[in-house]
Undergrad: 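My structure is below; once you've seen it, I'll send some questions.
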Protein chains: 2
Amino acid sequence: MATLNRPGAPDGHICGIDTAMEVIGGKWKVLILWALHEHPYRRFGELRRLLPGITEKVLASHLREMEADGIVGRVSYDEVPPRVEYSLTEDGARLNASLEPLAAWGRERADRQG
Amino acid sequence: MATLNRPGAPDGHICGIDTAMEVIGGKWKVLILWALHEHPYRRFGELRRLLPGITEKVLASHLREMEADGIVGRVSYDEVPPRVEYSLTEDGARLNASLEPLAAWGRERADRQG
DNA sequence: GTGGGTGGTTACCCTGTGGTGAGCGAACAG
DNA sequence: CTGTTCGCTCACCACAGGGTAACCACCCAC
């Protein structure tokens with residue numbers, strides 16, 4: 001990622017929000033986070049079914065980025081057919097928790113607008 | 001806007017996060033929010049100076065979107081040279097507050113990585 | 001041998017977002 | 001009479017992120 005390139009701060013970051021936005025900056029990332037929170041330890045195909053509309057390519061690349069960011073864990077079992085399980089890391093769980101107030105704000109706003 | 005178009009939910013939204021992400025989905029929006037929180041009632045040029053690297057076009061369009069979303073207020077004084085003051089609405093202030101946990105998560109993560 | 005399910009990869013295209021640079025209208029300073 | 005401040009607007013362009021679709025290796029059931 002690192003679409004953010006803002007001068008004015010040492011590494012292009014101004015406040016902590018930037019760091020967080022970089023990590024969740026992807027069309028489906030918060031939903032993947034959410035899905036893994038509600039349904040821990042899901043397989044690739046299960047996640048795909050939990051997120052109607054996502055394509056395999058995007059799911060795979062998002063998962064790999066989130067894994068690299070340390071918010072998603074991946075365990076691959078050497079079976080046939082292959083089995084891979086994704087889960088939230090501790091950091092990912094904390095990220096998800098810190099998204100809750102934002103979700104509450106969004107829900108309230110959605111309610112107000114009917 | 002409205003880059004989010006995800007089937008599976010009535011209006012393309014699955015949880016409240018989506019609504020919030022739509023509102024803050026813009027490269028500089030959270031920073032504008034932050035700047036207006038730390039420096040209330042700023043003028044266009046002041047905001048530009050507070051956000052090194054932003055261009056006038058992007059600042060103008062982001063401000064207009066945020067105004068339409070009801071999180072930023074705009075007051076134009078009929079003077080010469082023109083004077084326009086931007087501020088957070090109550091809803092914007094609450095949005096900003098609900099971003100705080102996320103910012104904390106980001107700060108903690110930035111600290112860990114040095 | 002054909003189809004299905006597993007978890008992907010690869011190549012290509014398309015749109016939206018953001019960046020660049022110019023201009024504008026009025027007043028005032030030099 | 002040129003330059004500056006102020007808050008924009010407009011036309012154009014580049015690029016990355018996401019979407020589309022085909023393909024792969026493997027095994028099993030039919």
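Chain naming here is simple, since letters A, B, ... match the order of the sequence lines and numbering starts at 1 in each. As the structure is a computational prediction, the values presented were derived from the model and not from experiment.
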Undergrad: Checking all strands, does Arg49(B) fall into the base, sugar-phosphate, or nothing category for heavy-atom contacts under 4.0 angstrom?
TA: sugar-phosphate

Undergrad: Ser87(A): what forms a side chain to side chain contact (heavy atoms under 4.5 Å, CB included) with it, not counting sequence neighbours?
TA: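 Once residues adjacent in sequence are excluded, the partners of Ser87(A) under the side chain to side chain contact (heavy atoms under 4.5 Å, CB included) criterion are Tyr41(A).
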
Undergrad: State, to 0.1 Å, how close Leu31(A) and Cys15(B) come at their nearest heavy-atom pair, and which atoms those are.
TA: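 Heavy atoms only, the tightest pair is CD2-SG, 4.2 Å.
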
Undergrad: Please enumerate all residues that pass side chain to side chain contact (heavy atoms under 4.5 Å, CB included) together with Glu79(B), with sequence neighbours excluded.
TA: Tyr77(B), Arg83(B)

Undergrad: What's the closest nucleotide to the Glu56(B) side chain, out of dG18(D), dA22(C), dG19(C)?
TA: dA22(C)

Undergrad: If you only use heavy atoms from C-beta on, which nucleotide in dC6(D), dC8(D), dG19(C) is closest to the side chain of Arg43(B)?
TA: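 So the nucleotide nearest the side chain must be dC6(D).
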
Undergrad: Please state how far atom NE2 in His62(A) lies from atom C1' in dG18(D), giving the value in whole angstrom units.
TA: 8 Å

Undergrad: Do Glu38(B) and Asn96(B) touch side chain to side chain, with heavy atoms closer than 4.5 Å?
TA: no

Undergrad: Round to a whole Å and report the spacing from CD1 of Ile32(A) to C1' of dG17(D).
TA: 14 Å

Undergrad: For Arg107(A), give me all partners under salt bridge (charged side-chain N to carboxylate O under 4.0 Å, His left out), at least two apart in sequence or on another chain.
TA: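 For Arg107(A) the salt bridge (charged side-chain N to carboxylate O under 4.0 Å, His left out) partners, ignoring immediate neighbours, are Glu100(A).
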
Undergrad: Just how large is the angle between the end axes of the helix from dG1(C)-dC30(D) to dG30(C)-dC1(D), five pairs per end, to 10 degrees?
TA: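 Overall, the helix from dG1(C)-dC30(D) to dG30(C)-dC1(D) bends by 30° from one end axis to the other.
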
Undergrad: Using whole Å, report how far CG of Leu51(B) lies from C1' of dG19(C).
TA: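 So the two atoms are 16 Å apart, to the nearest Å.
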
Undergrad: When you measure from every atom of DNA chain C, which of residues 77-87 of chain A have a heavy atom less than 4.0 Å away?
TA: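 Listed by number, they are Pro81(A), Pro82(A), Val84(A), Tyr86(A).
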
Undergrad: Tell me every residue that passes salt bridge (charged side-chain N to carboxylate O under 4.0 Å, His left out) with Glu46(B), counting only those two or more places apart in sequence or in another chain.
TA: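 With sequence neighbours excluded, Glu46(B) shows a salt bridge (charged side-chain N to carboxylate O under 4.0 Å, His left out) to Arg42(B), given in chain and number order.
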
Undergrad: Nearest whole Å is fine: how far is dT6(C) C1' from Leu47(A) CG?
TA: 14 Å

Undergrad: For Arg48(A) and Val58(B), take the nucleotide of DNA chain C holding the closest heavy atom to each; which residue's nucleotide lies nearer the 5' end?
TA: Arg48(A)

Undergrad: Whether the side chain of Lys57(B) and the base of dG19(C) hold a donor-acceptor pair under 3.5 Å is what I'd like checked.
TA: yes

Undergrad: Under 4.5 Å side-chain heavy-atom separation, chaining through any Ile, Leu, Val, Met, Phe, Trp or Tyr, what else clusters with Val80(B)? Say none if it is isolated.
TA: none

Undergrad: Round to a whole Å and report the spacing from NZ of Lys27(B) to P of dG17(D).
TA: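 So the two atoms are 11 Å apart, to the nearest Å.
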
Undergrad: Rounded to the Å, how far apart are Glu46(B) CD and dG7(D) P?
TA: 8 Å

Undergrad: Which residues satisfy the side chain to side chain contact (heavy atoms under 4.5 Å, CB included) test with Val72(B), sequence neighbours excluded?
TA: Leu36(B), Leu63(B), Met66(B), Tyr86(B), Leu88(B)

Undergrad: Taking atom P of dG7(D) as reference, at what distance in whole Å does atom CD1 of Ile54(B) sit?
TA: 14 Å

Undergrad: Can you sort out the partners of Arg48(A) under side chain to side chain contact (heavy atoms under 4.5 Å, CB included), two or more places apart, ordered by chain and number?
TA: Ile54(A), Glu56(A), Leu59(A)

Undergrad: Need one value for Arg64(B): base, sugar-phosphate or nothing, where a base atom within 4.0 Å counts as base even if backbone is also close, heavy atoms only.
TA: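 Here Arg64(B) touches the backbone only, sparing every base.
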
